Every structure is written in C-alpha cells, then in structure tokens.
A.B. asks: 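Next up is a structure, given as structure tokens.
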Amino acid sequence: WQVEPNATIGEIKSMFHKSQGKSLKDEDVLQHLPVGTTATFYFRDLGAQISWVTVFLTEYAGPLLIYLMFYFRVPFIYVPKYDFTTSKHWVVHLACMCHSFHYVKRLLETLFVHRFSHGTMPLRNIFKNCTYYWGFAAWMAYYINHPLYTPPTYGEQQIRLALTVFLFCQIGNFSIHIALRNLRPPGSKTRKIPYPTKNPFTWIFLLVSCPNYTYELGSWLGFTLMTQCLPVAAFTLVGFIQMTVWAKGKHRSYLKEFRDYPTLRSPILPFIL
Amino acid sequence: MSAPAMGTSKTAHTDSSHKKKKGPGTLAIAYLVIYNVVMTAGWLVIAVGLVRAYLARGSYHGLYYSIEKPLKFFQTGALLEILHCAVGIVPSSVVLTGFQVMSRVFLTWAVTHSVREVQSEDSVLLFVVAWTVTEIIRYSFYTFSLLNHLPYLIKWASFLNIHRYTFFIVLYPMGVAGELLTIYAALPYVQKTGLYSITLPNKYNFSFDYHSFLILVMVSYIPLFPQLYFHMMRQRKKVLGHMEEYSKVE
C-alpha cells in the first residue's frame, strides 16, 4: 500500500473505501491480473455480514412454526372458545400439510442442495427478509385457520386441481434446484448455462432462464386456488414481482457472460416476461 | 401530510446547471409550467374562496363546504406529480412523491369526504389553510424555477423559496395537527357504521377493519412527521446558506 508518511488516518480511510469498479473474485490469481510490477489493492468494507445459510434457515423456519401456531389455534389468536380446536374443513388440514411441506423442503434444500456463490449478505437483510416471510405467513395462516374460514367455491374439484398444480410445481422446483446444483462441482463457484436434462421437469429450460421461479410461482398459484384466500393471492403477487426482478437480472447476466446463450429463453414466463 | 414535495429544493440559480443526461425537453418544461401555473391558480381560488366565505359568514365554522369542490379537484390533480416523477421530467423520487400525494388524497377522500360528520370540524379548516398556503408558495416557486432563464424572475424564485422553507416551520405542524384531529374525529363514526370494513365470513377469506386502520395511520405519523420535518429543516439551512453566498457574489 502506497501512502506518504504525512498522510492522515482520514486520508487512508477514504482510500480504503474508494470503490474502483467491480470487485475481483476470490479465485483470481495475482500474476494473471492486468497489473505491472506494483499492484494497488482497494478494499471495501461491506459492513456487518451474515451467512446466506443462516438467513435462509431463519427466514424459512419462521413461517413453518408460525403457520402451525395458527393451525393448532394457540391461545390469544382467536376467540378463547376455539383455543386448541381444529378446523372442521379438510382443506384446511391439506393446506397446513402443503404449507409445511413447502418450507421443510426449502430448509432441506438450503442445507443439502444449494451451492451459494456468495458466502454472506449484509446483516440488515435478515431483518428485512424475516419481516416479509414471517409477516405474510402470519397473515395468511390467520385466515386459513380461522373458525369462520370459508372453503373454496368449487369444492373438491377446485381443491384437487389446486393440489395437482402445487405438487407438480414443487417437484418441478426441486428438479431445477438439483439440475443447477449439478452444474457446479462441489466447492466451486463456476457459472455455466443450464440445459434440459433427462428429467422432463427440466425441459422448461428451453423456454425460461429461471424455471425455479416459474415453478415457485406455480406452487403459490396452486396454494391460492386451494385456500381461496386473498392474503395468499397478495403474497403470491408480491413474490411474483420480486422473482421477476431477480429473473430479469439473472437473464441479463447470462446474456452478458455467454455469447452463445439460447435466444428462445425468457427470464421467467415463456415468451411473456 | 402537508409537507411540500421533496427533491426540487435546489435554488434557482443552480437549476440550469443540474441538467443530467436525460433532462426534461422543451415540451416537458412547457407542460410543467402550464401544470404549475394551473395548480397555483387553483389553490389561489381555494384561498380566495375561504376568505370570501369567512367574510360572508363572519365565522370560521363550516368553511369547508365553500371550497369543497376545488379542493377535491386540485388536490386529486396532484396525482399527476407521481407520473411526472415516473416519466422523469421531474427529478424527484416516485416513492416519496407518491407517498405524500397519496396521504393528501387519502385525507381528502377517504376521511373528510367519506365521513360527513367531520366536515364541520374546525380541524378540517386547520389543514386546509396549511395546505393552501403551502401549495400556493410551492407551485408558484416551481413555476418561477422552470422559467429561470429569465434573470428577473430568479429573484422572485429565491424570494418564494425562502418563504417556502420558513412558512413551513409553522404550516407543517399546523397541517399535521389538523389532519390528526380530523382522523380522530372520524373514528367513532367509522366504528359505528363499519365504513369500508369487511368482516368474516366471506368467500375470499379476508377482513379489513377501517377503524383500526385509521388508528394505525395516526400512529404512523409519529415516526414519519419528525423525519419529514427535519429533512425540510436541513434543506432550509442549505438553501439559506446558498442564498447568502449568492447575494455576496452579487
């Protein structure tokens, strides 16, 4: 590090925080960098960090437990005469199983399937993310497990269709996660174009860059149909908007990184978005 | 709330030098001038309406009815300002502008218009006066800023700018007080009639209690009001600081 003897600590600090374009990767080798015999390194303090795994586990464990609290009608939520009772509608039990399955799946994927590019994210994200996930989970669960809950208008037909959509998309989502994992050898952070595999659920890669989000949207549409509950629809909508933003970003970076990226693909919805 | 929109708090003499790559074109500026002139005129109509009604009746009571229609028209018209930010012809944040305009529109329609019983409250006059004075200064300032290539007008713009930031010290708390008192006055009627509320059971398994929502809105003033107030105080210091420099250079 080159500093004059008369430099103040304040000046050194501001050099520390200067951002000079994109950061280098951990894997870059010193002698392959475009510098001469003397290299100047700039460091940036990213602030307090927390590991992605920790954030995911916390934000997913919350909805799982919170929903169950409403399902079992723990005291102080509903009118006392309903404490610890169960709903008389079988769709409510089904919904609880689906919701719980969804988050258990996510927790297991976080622990055993996903390979993260970045180790950490800013600490404030955990508060933001948990508020979102936990808040929405409580809001949805309150109505689905409410003593005055009204089952879907078209009854068993509607519920059966919804369940089919939900399961199909859960399997699809899982298939994509596995396919993405297999793109990347253990411990590496390489990026490759994902392609359809033998698994038919991955054939959607022909049309979409981020089918994991497509399937996730489908799962929640299924759950909305199953419960016929407006807060669930709201959660689905907000999630869709966020995932579309992410999908567009990922799609753009694929296009930038790979010259031969398939042109037929859309970010999240085939031909549409 | 009654705070003027943020963002375009630059002093007149620095406006032209702040043009970014995608600044508003001549057509946009012409449109904005017309928009701001119309809004200034509109709020002047409201101001005159208030004065005339007061002189005619001899009391502060029930002046809302004399300006109800232009108030609704011009306050609702301010929704266009969100569009201006979204399209980029005004360099303000869409979210911030949206939030401020929506809170005004909410008070105008969802509280004052919807709950007839509060229309005769004195608190309504409190915020209407605050809004009127604020908006006349704000819109006339923007008009002069946009026309700032006429050096003669720069003085007027600066004059208005100083007054905008100074009157604000009184007008903003006054407006907030009027708004909060009006919402508070509406509470019992909303509870009694179940206005805008949805109860269970229903087909979409959703409920909404407008009474609780209004209380939540009142509570939200607590974190928001000081932030907006101190932001304007900081802007004021900056603007008055520039004014001094500018007059020294002259």
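Chain identifiers are assigned alphabetically (A, B, ...) following the order of the sequence lines, protein sequences preceding nucleic acid strands; residue numbering begins at 1 within each chain. Note that the structure is predicted; figures quoted are calculated from it, not measured.
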A.B. asks: Using 0.5 Å steps for rounding, measure from the CG atom of A:Leu230 to the CG atom of B:Asn202.
C.D. replies: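 Atom-to-atom, A:Leu230:CG and B:Asn202:CG are 8.5 Å apart.
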A.B. asks: Do B:Asn205 side-chain atoms and A:Tyr143 backbone N/O form a donor-acceptor pair below 3.5 Å?
C.D. replies: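 Side chain of B:Asn205 to backbone of A:Tyr143, a donor-acceptor pair under 3.5 Å: no, none is there.
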A.B. asks: Is the closest side-chain heavy-atom distance between A:Pro231 and B:Phe206 below 4.5 Å?
C.D. replies: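 When only atoms from C-beta onward are counted, B:Phe206 and A:Pro231 do touch, with a gap below 4.5 Å.
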A.B. asks: Around B:Tyr196, counting heavy atoms of other residues, nucleotides and ligands shown, do more than 12 lie under 6.0 Å from its OH?
C.D. replies: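 Result for OH/B:Tyr196: enclosed.
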A.B. asks: Does A:Phe174 have more than 12 heavy atoms from other residues, nucleotides or ligands lying within 6.0 Å of its CZ?
C.D. replies: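 Incorrect, the count does not exceed 12.
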A.B. asks: For atom CH2 of A:Trp52, is the number of surrounding heavy atoms from other residues, nucleotides or ligands below 6.0 Å larger than 12?
C.D. replies: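 It does not: A:Trp52 CH2 has 12 such atoms or fewer within range.
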A.B. asks: Which one wins on heavy-atom pair count under 4.5 Å against chain B: A:Leu148, A:Ile144, A:Thr150?
C.D. replies: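 It is A:Thr150.
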A.B. asks: Taking everything shown except B:Lys72 itself, do over 12 heavy atoms lie less than 6.0 Å from its NZ?
C.D. replies: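 Enclosed.
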A.B. asks: Quick one: pull up OG1 in A:Thr153 and OH in B:Tyr204 and give me the separation to the nearest 0.5 Å.
C.D. replies: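 OH of B:Tyr204 is found 6.5 Å from OG1 of A:Thr153.
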A.B. asks: More than 12 heavy atoms of other residues, nucleotides or ligands under 6.0 Å from OH of B:Tyr184: is that the case?
C.D. replies: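 Open: at most 12 neighbouring heavy atoms sit under 6.0 Å from OH of B:Tyr184.
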A.B. asks: Grab the two heavy atoms, one from A:Gln228 and one from B:Lys203, that are nearest each other, plus how far apart they are.
C.D. replies: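 Heavy atoms of A:Gln228 and B:Lys203 come nearest at NE2-O, 3.1 Å.
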